[in-house]
Amino acid sequence: QVQLVESGGGSVQAGGSLRLSCAASGYIGTAACMAWFRQAPGKEREGVAVIDRDHKTNYADSVKGRFTISKDNAKNTLYLQMNSLKPEDTAMYYCARSGFSLYDTSYCRLSRGVFNYWGQGTQVTVSS
């Protein structure tokens with residue numbers, strides 16, 4: 001059973017930075033896709049950033065140029081560096097991993113259906 005535990009959330013002022021971490025219980029180097037999603041109150045969960053096995057990345061338009069997704073396979077940890085934060089970035093942030101049966105990284109996209117395993121989330125609050 002895969003466990004994903006997020007950390008690093010908090011409250012910051014607009015323009016500030018945070019670095020989220022997601023510690024996985026197993027080896028993430030073979031995972032086809034890993035990603036960060038977020039969900040604001042009253043809104044659907046949306047994809048923020050995705051990284052594939054080969055470290056290829058893709059971002060939602062709303063965070064391009066401000067957020068950076070990365071992973072350290074040796075530490076089994078996924079990261080999200082968030083700079084120039086805006087109040088509209090306020091949300092619960094979730095880490096996600098694709099299932100073991102998925103090998104083809106061409107399926108890695110910011111769609112909830114790609115991911116089988118989810119963390120419990122870490123709250124990010126940005127004040128103006």
Side-chain angles (χ1 to χ4, degrees):
Q1 182 71 16
V2 173
Q3 289 188 327
L4 303 171
V5 180
E6 302 94 337
S7 62
S11 297
V12 296
Q13 290 191 328
S17 298
L18 283 174
R19 188 193 195 200
L20 305 184
S21 297
C22 171
S25 60
Y27 183 57
I28 66 171
T30 53
C33 324
M34 296 197 72
W36 289 96
F37 284 72
R38 66 186 181 187
Q39 187 168 16
K43 294 187 177 181
E44 292 191 357
R45 192 172 298 189
E46 62 174 359
V48 174
V50 60
I51 186 168
D52 72 13
R53 184 187 307 111
D54 301 320
H55 294 257
K56 180 180 177 181
T57 60
N58 194 24
Y59 297 90
D61 288 342
S62 58
V63 306
K64 280 182 181 177
R66 300 189 298 123
F67 290 11
T68 302
I69 187 172
S70 63
K71 64 187 180 112
D72 186 331
N73 291 338
K75 295 183 179 180
N76 291 320
T77 302
L78 179 72
Y79 302 100
L80 185 68
Q81 177 66 44
M82 305 186 295
N83 299 328
S84 302
L85 283 161
K86 304 176 180 180
E88 50 263 45
D89 295 319
T90 295
M92 186 73 78
Y93 283 71
Y94 298 91
C95 168
R97 186 199 192 279
S98 58
F100 291 93
S101 62
L102 179 63
Y103 182 81
D104 188 347
T105 58
S106 67
Y107 288 92
C108 295
R109 57 179 63 93
L110 293 173
S111 171
R112 292 182 63 178
V114 173
F115 301 93
N116 294 62
Y117 303 100
W118 296 83
Q120 294 300 305
T122 185
Q123 178 67 38
V124 171
T125 303
V126 184
S127 58
S128 57

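Side-chain N or O atoms of Asp54 include none that pairs as donor or acceptor with a backbone N or O of Lys56 at under 3.5 Å. Formation of a donor-acceptor pair under 3.5 Å by the Asn76 side chain with backbone atoms of Ile28 is found in this model. Using modelled atom types, one side-chain atom of Arg53 and one backbone atom of Tyr103 make a donor-acceptor pair closer than 3.5 Å.
Residues satisfying the ring pair (Phe, Tyr, Trp, His ring centres under 6.0 Å) criterion with Phe100, sequence neighbours excluded, are Tyr117. Residues passing the side chain to side chain contact (heavy atoms under 4.5 Å, CB included) test with Ser127 are Gln13, sequence neighbours excluded. Partners of Tyr94 under the ring pair (Phe, Tyr, Trp, His ring centres under 6.0 Å) rule, at least two apart in sequence or in another chain, do not exist in this structure. Residues satisfying the side-chain hydrogen bond (donor to acceptor under 3.5 Å, both in side chains) test with Gln120, not counting sequence neighbours, are none. Every residue two or more places apart in sequence or in another chain that forms a side-chain hydrogen bond (donor to acceptor under 3.5 Å, both in side chains) with Arg66 is listed here: Asp89.
Annotation for Glu46: atom CD counts as buried by contact number, over 12 foreign heavy atoms lying within 6.0 Å.
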Practice task
Let me see the working for Val126 and Glu88 under side-chain contact (heavy atoms from CB on, under 4.5 Å), right down to the final yes or no.
Solution key: CA-CA 8 Å; Val126 184; Glu88 50 263 45; over 6 Å; no
Open item on the list: Checking Val63 against Arg38 for the side-chain contact (heavy atoms from CB on, under 4.5 Å) test, could you report, in this order, the C-alpha distance in whole Å, the side-chain angles of both residues, the deciding distance, and whether it holds?
Closed with: CA-CA 12 Å; Val63 306; Arg38 66 186 181 187; 4.0 Å; yes
Check your understanding: Are Asn83 and Ser17 close enough, and set up right, to give a side-chain contact (heavy atoms from CB on, under 4.5 Å), and what steps lead you there?
Key -> CA-CA 4 Å; Asn83 299 328; Ser17 298; 2.9 Å; yes
Take Phe67 and Thr57 through the side-chain contact (heavy atoms from CB on, under 4.5 Å) test and state the conclusion after the steps.
CA-CA 11 Å; Phe67 290 11; Thr57 60; over 6 Å; no
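Aromatic ring pairs are classed by plane angle as parallel below 30°, tilted from 30° to 60° and perpendicular above 60°; the pair Trp118 and Phe37 is perpendicular.
Contact detail for Thr30 and Arg97: the closest heavy-atom pair is OG1-NH2, 4.1 Å. Contact detail for Asp52 and Cys108: the closest heavy-atom pair is CB-SG, 3.7 Å. Pairing each heavy atom of Ala31 with each of Met34, the nearest pair is CB-CG, 4.1 Å. When all heavy atoms are compared, the tightest approach of Leu78 to Cys95 is CD2-SG, 3.8 Å. Taking both residues in full, the closest heavy atoms of Thr77 and Ser21 are given as CG2-CB, 4.2 Å, listed atom of the first, atom of the second, then distance. Closest approach of Gly9 and Val124 over heavy atoms only: CA-CG2, 4.2 Å.
Here SG of Cys33 is found 10.0 Å from CG of Leu110. Values are rounded to the nearest 0.5 Å. With rounding to the nearest 0.5 Å, the separation of CD1 in Ile69 from CD in Gln81 is 12.5 Å. Rounded to the nearest 0.5 Å, atoms CZ (Arg109) and CZ (Phe115) are 10.0 Å apart. Atom CG in Leu20 sits 4.5 Å away from atom CH2 in Trp36 (nearest 0.5 Å). The distance from atom CE of Met82 to atom CZ of Arg19, rounded to the nearest 0.5 Å, is 11.5 Å.
Using a 4.5 Å cut-off on side-chain heavy atoms (C-beta onward), Leu80 and Glu6 make no contact. Looking at heavy atoms from C-beta onward, Ile51 lies out of side-chain contact with Tyr79 at the 4.5 angstrom threshold.
In the hydrophobic clustering of ILVMFWY residues, with side-chain heavy atoms under 4.5 Å counting as a link, Val48 and Met92 come out apart. Linking Ile, Leu, Val, Met, Phe, Trp and Tyr residues whenever their side-chain heavy atoms come within less than 4.5 Å places Tyr93 and Val2 in a single cluster.
With a 4.5 Å cut-off between side-chain heavy atoms of Ile, Leu, Val, Met, Phe, Trp and Tyr, the cluster of Val5 takes in none.
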